[in-house]
Amino acid sequence: MKKLICFLFAILAFTPVAFSQSREVKVLNANWKFQKGDFEEASKVNFNDSKWESVTVPHDWAIYGPFDKNVDIQKVAIVQNGETIATEKTGRTGALPHIGTAWYRNTFTLPKDSKDKKILLLFEGAMSEPQIYLNGKKVGEWAYGYSYFYFDVSQFAHEGANTLSVKLTNKEFASRWYPGTGLYRNVSVIIKNNESIDQWGQFITTPFISEEVAKVNIKTKASGENTRLVTTVFDSEGRQLSSEESTQQFGNEFDQNIKVANPKLWSPETPYLYKAVSQLYAGTELKDEITTRFGIREIKYEANKGFSLNGKITKFKGVCLHHDLGPLGVAVNKAALRRQMTILKDMGCNAIRSSHNMPSFEQLELADEMGFLFLAESFDEWAKPKVENGYHRFFEDYAEKDIVNLVQATRNHPSIVMWSSGNEVPDQWGEEGVKRAKWLQELFHREDPTRPVTVGMDQVKATIESGFGALLDIPGLNYRVHLYDEAYKKFPQGFILGSETASTVSSRGIYKFPVVQEKNKQYPDFQSSSYDLEACSWSNVPDEDFVLQDEKPWVIGEFVWTGFDYLGEPTPYDESWPSRSSYFGINDLAGLPKDRYYLYRSRWNTKESTLHILPHWNWEGREGETTPVFVYTSYSSAELFINGKSMGVKTKNKNTPQNRYRLMWMDVKYEPGTVKVVAYDDNGKAVAEEEVKTAGKPYQIVLEADRKTISANGEDISFVTVSVVDKNGILCPTATNQLKFKVSGAGTYRAACNGDATSLEMFHKDSMKLFSGKLVVLVKSTLTAGDIKLEVNGSGLKSGKLILNAKK
Ligand code: GAL
């Protein structure tokens, strides 16, 4: 017994020493200096940056505004939208001051023994054209602002203080949406031994899965002579499952196969994650250690059957997302991403497409944990331009490097089930484009033989003729619902993906009369109607996609444009200042659901019921006028009552796409009071009801947090929905009161957003108007634990108060 105790002690005593000898990762979040402008000397060590602004990274320098019509004003014809004459587009890239050059500087310290170490600098995204200097010397540059990249800076680094300088440049006419700016994702220094596992050098796959056992194949590239690799697999509770030790390297790669008994499969419903810990030894000395999370899951794409996950046919109920986080700009924030994904989960969404570029690591981690299928995209342009200064400038030199980094950095995420090499690239036209499509697809296959590749195609006829569409693993159609049948017939794959669908436009809480289905509809207030019948010339309303998804087994799902509104691309008001953000979102820029949210929910969320009434019922001046009422519901029939009077029972039917998915009472005449809907099950039994009431005058401010307890880490955010109600607690749906926000205690006021695409109020200012009765306030934690008090005031209104808590 004594012996055993001694032995245990020896392990415990030695482990920490061994661990401290392996790698260290420092995320450089604090103590950055930032200045807009070009400063030749700023790369130098002794440059005086004391007057520069102090910032933390992730950082987006342009989100603080002001909005300005003249920023990146683009006189263009948007060919993809069918335009032939150039007109002035004002808010196309968000009208925020993102153009120009800026510098960031930071100092980090390396420990004593670092001259014998390998030092890497890792950037998870830098917008854009980054040039990196360490201790006054240029270590490298990149081009695409969305790429992850790293440099081995061992020869430039030294013990003690090291000065890092980064120059970024954003050109005008370089984007079709708000690209953001700055060091908007993490920057890290990685310090490791020369004998170590290569950056992104591990690839975990699960080539054999049965109920009893899964084979986990782990390929690990490493540097160093006479090394051995010990990889141990743990389950999600941290229990050690099995382990393998290898001394044999093929080239510089270890190839290990580890058995997992009775594997728990990863899926959106059961996002089960395992962990592989790989330790690299030279003799008895631990030289490096990395931990990789992975999932065990099987994906298949088969003609006429479609996509299956773990043997079960699964349709993509997906959304496209741009990378900005509304009021936070593009500065990545996990709490904001988690909130978006929680909202999407409740809607029943099971998939995300990172349109049209590389997703953040944070988003992929959440997709793994929360259970989302992920379509990871790379480019919006190849060699042919869409915008004057777009990615085509870099395509020849960088496309391969960008794809290699995308795949190597993210391929262990079980959530990723498909790559996309491009979106609506003008290279769809012509022979060169066919070759490029093939070349890019083969690059993806070379780096990852386990996942297929798609391209979102809008030139469907051209790609049918040229062979472009036929060579893709997955033919993706953007819109063009009328061409699905032809594409299915002529493409050889045996299935079609709705890589981009709908592009319906609406403004939260805004309804227009008369209620008619229309394309490119514009109104004097630059808002779109939430009756969800308005789309663009190239796009359609949701119901038309639903028909295809339901009737064609070979349609493998859809990615709706878009899950949330985003900065820029204010179609159909591209030429109408002050429109500066999109109208496409199922949720608005503040993350508040529009009515459309419930239409998708009624169909996608098969676990919980949906019963939602629109419009609101405050139509003073419209008494006696026709005011249609729509109900988005998972039930197949319902009865509507206005002030207790039945307007009749409606049942979903196949007469039109709308009749199939919505219940619509088109002839209702407005009278103030109560709208009530009673839903019936298939046996005619009343099973649920919902009401909307006419509100009186705004009386009181009401606050509701998405999370009342946040973490005191200086990054976490509570999203507080602010609304105004009348004396009886009924939401005032048309209120536009100017409100003021005050945060005290262990938190700070970060931003507000009301979802109005025409608002020029800046997000970080402590005052904003309500839009359709609501807005969202973002309260951020500090590094101190304790209570946070939010107070919201508005003239003539009873204030709203809320206590949040920040925990260590
Ligand atoms: C698509 C394009 C998207 C967005 C959308 C708007 O053609 O891929 O980026 O512009 O149209 O409907």
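Whatever order the structure lists them in is the order used to number ligands and atoms, beginning at 1. Heavy atoms only: backbone and side chains are in, while hydrogens, waters and symmetry mates are out. Note that the numbering runs from 1 along the sequence shown for the chain.
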J.: List the residues meeting side chain to side chain contact (heavy atoms under 4.5 Å, CB included) with Lys345, not counting sequence neighbours, and say none if there are none.
T.: Pro268, Phe372
J.: I'd like a table of the close N/O pairs between ligand 1 and the protein (anything under 3.5 Å), one pair per line with both atom names and the distance.
T.:
{"unit_1": "ligand 1", "atom_1": "7 (O)", "unit_2": "Glu424", "atom_2": "OE1", "d": "2.6"}
{"unit_1": "ligand 1", "atom_1": "7 (O)", "unit_2": "Glu424", "atom_2": "OE2", "d": "2.6"}
{"unit_1": "ligand 1", "atom_1": "8 (O)", "unit_2": "Asn423", "atom_2": "OD1", "d": "3.3"}
{"unit_1": "ligand 1", "atom_1": "8 (O)", "unit_2": "Asn423", "atom_2": "ND2", "d": "2.9"}
{"unit_1": "ligand 1", "atom_1": "8 (O)", "unit_2": "Glu424", "atom_2": "OE1", "d": "3.4"}
{"unit_1": "ligand 1", "atom_1": "8 (O)", "unit_2": "Glu424", "atom_2": "OE2", "d": "3.4"}
{"unit_1": "ligand 1", "atom_1": "8 (O)", "unit_2": "Glu500", "atom_2": "OE1", "d": "3.0"}
{"unit_1": "ligand 1", "atom_1": "8 (O)", "unit_2": "Glu500", "atom_2": "OE2", "d": "3.0"}
{"unit_1": "ligand 1", "atom_1": "9 (O)", "unit_2": "Arg176", "atom_2": "NH2", "d": "2.8"}
{"unit_1": "ligand 1", "atom_1": "9 (O)", "unit_2": "His356", "atom_2": "NE2", "d": "2.5"}
{"unit_1": "ligand 1", "atom_1": "10 (O)", "unit_2": "Arg176", "atom_2": "NH1", "d": "3.1"}
{"unit_1": "ligand 1", "atom_1": "10 (O)", "unit_2": "Glu569", "atom_2": "OE1", "d": "3.3"}
{"unit_1": "ligand 1", "atom_1": "10 (O)", "unit_2": "Glu569", "atom_2": "OE2", "d": "2.5"}
{"unit_1": "ligand 1", "atom_1": "11 (O)", "unit_2": "Glu500", "atom_2": "OE2", "d": "3.4"}
{"unit_1": "ligand 1", "atom_1": "12 (O)", "unit_2": "Ser503", "atom_2": "OG", "d": "2.6"}
{"unit_1": "ligand 1", "atom_1": "12 (O)", "unit_2": "Trp538", "atom_2": "NE1", "d": "3.0"}

J.: Taking the ring centre of each residue, are Trp177 and His356 less than 6.0 Å apart?
T.: yes
J.: Do the ring planes of Phe149 and Trp142 sit parallel (below 30°), tilted (30 to 60°) or perpendicular (above 60°)?
T.: parallel
J.: Any Lys/Arg nitrogen of Glu129 or Arg393 sitting under 4.0 Å from an Asp/Glu carboxylate oxygen of the other?
T.: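 Salt bridge present between Glu129 and Arg393.
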J.: Is a salt bridge present between Arg353 and Glu377, judged by a nitrogen-to-oxygen distance below 4.0 Å?
T.: yes
J.: Indicate yes or no: does Asp380 engage Lys386 in a salt bridge with an N to O separation below 4.0 Å.
T.: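 Yes.
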